[in-house]
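Since this is a predicted model, take the numbers as computed values, not measurements. Because only heavy atoms are used, hydrogens play no part in the values below, and waters and symmetry mates are left out as well, while side chains stay in. Whatever order the structure lists them in is the order used to number ligands and atoms, beginning at 1.
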Amino acid sequence: MTREPSPAPHSEAGSIQRLARAVRVELGARAYDVHVGTALIGEAGERISATLGAQRCAIITDSNVAASPHMATLDDSLRAAGVTPLGTIVMPPGEATKCFAELQVVVERLLDLAVERRDVVIALGGGVIGDLAGFAAAILRRGVRFVQIPTSLLAQVDSSVGGKTGINTAQGKNLAGAFHQPSLVLADTNALSSLPDRQLRAGYAEIIKHAALGDEAYLTWLEANVEAVMRREPAALVHAVARSVEMKAEIVARDETEQGDRMLLNLGHTFGHALEAWAGFSDRLLHGEAVAIGTAIAFRFSAARGHCSKDDATRIEKHLAAAGLPTRIAQIPQGPSPTVAELMGLMAHDKKVQGGRMTFILAHGVGQAFVSRDVEQAEVERCIAGEIAGNA
Ligand code: GLY
């Protein structure tokens, strides 16, 4: 993984201040660059042409993004660079789009557009579009190249990088999919200016997760800059996105298919997924909010097991709260609390169960997460009971 010496802003003709960083995901023949910066969508055509030599592409997006200025900016930029858009496939927004029926729609539309293996599929949107378009690209003609242009914070710092693609099934989230790395990722932080605050905060939970799992100094930076990020100050956003992408890129380069270290990126997800499933994957609890509560629980659990200090758990909890994120089950709005049996049942179905044993990501301290498979079921039950009762 390499890092451009940036983050200093530089002025361009017309005195528009540009910020740009590039992170390389070192995966040998499948290595690619993630560009993080301002106004990148307007350069997409040039970058796709220069990096991939593509002359034709198809765009997959959702109806919200299709109606935004990003769509026209992307289209103009592609045409100006001589990359012909064969068509734009506009999907309904929302998690329900990540299903077999919509995957079929996308794949058949791509075939109707005569997308060939030397062409490029562009995913313009949040995590739903990135995961769906990536999976469609993975199976279309046994694999075509794809470019991620993530427009949500969650997609920029997490789902657009690392090649996990897929859809949901009746049995659970992301249970059908493929590892298919993008050929290029363009994370344009200007796209975040119209993101609703709640979505921004939910994406920020993954940023805190990165700091909490592997970089204490990054957490210190976040503690000092959370307000600037929430105000969407370009320099703060670019640094936060780029640092998170760097951390993810390093982990993915070490363990692309999640045999070991990549599991660290699941910090907060074992508890978080159970809560998200219990809340019905609804607006009641967004994925990032569930990860926020899950991360706080993972640190409190780590402290209770003697792996880290209570101060570490309190520090994580305080920063999540400073970002306006929930840290406790009782903060999930509307309706009754879950029961221990409900959450235990949901955790048992998690992808992270191996040979009947749950895998937990715990921490020896801030920035020192580790994979643990030695947690007894009774301990988890005690932890969850304490969390539900609010005395953990
Ligand atoms: N979102 C976790 C991973 O990409 O591994």
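Of the residues listed (V121, L52, L124), the one engaging V147 in a side chain to side chain contact (heavy atoms under 4.5 Å, CB included) is L52, and it is the only one. E289 pairs in a side chain to side chain donor-acceptor pair (under 3.5 Å) with only one of the listed residues (Q331, R201, R198), which is R198.
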For ligand 1, list all ligand N or O to protein N or O distances below 3.5 Å, rounded to 0.1 Å.
| from | atom 1 | to | atom 2 | distance (Å) |
| --- | --- | --- | --- | --- |
| ligand 1 | 1 (N) | D158 | OD1 | 3.0 |
| ligand 1 | 1 (N) | D158 | OD2 | 3.2 |
| ligand 1 | 4 (O) | K248 | NZ | 2.6 |
| ligand 1 | 4 (O) | R262 | NH2 | 2.8 |
| ligand 1 | 5 (O) | K164 | NZ | 2.9 |
| ligand 1 | 5 (O) | R262 | NE | 2.7 |
| ligand 1 | 5 (O) | R262 | NH2 | 3.4 |

Original post:
Given the rule in the side-chain contact (heavy atoms from CB on, under 4.5 Å) test, do Q148 and Y32 qualify, once you have shown the distances and angles that lead to the verdict?
Top reply: CA-CA 11 Å; Q148 290 269 22; Y32 56 96; over 6 Å; no
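Aromatic pair H319/Y204: ring centres closer than 6.0 Å.
The number of heavy-atom neighbours closer than 6.0 Å to CZ of R118, taken from other residues, nucleotides and ligands shown, is 12 or below.
Using bins of under 30°, 30° to 60° and over 60° for the plane-to-plane angle, the ring pair F360/F271 lands in the tilted bin.
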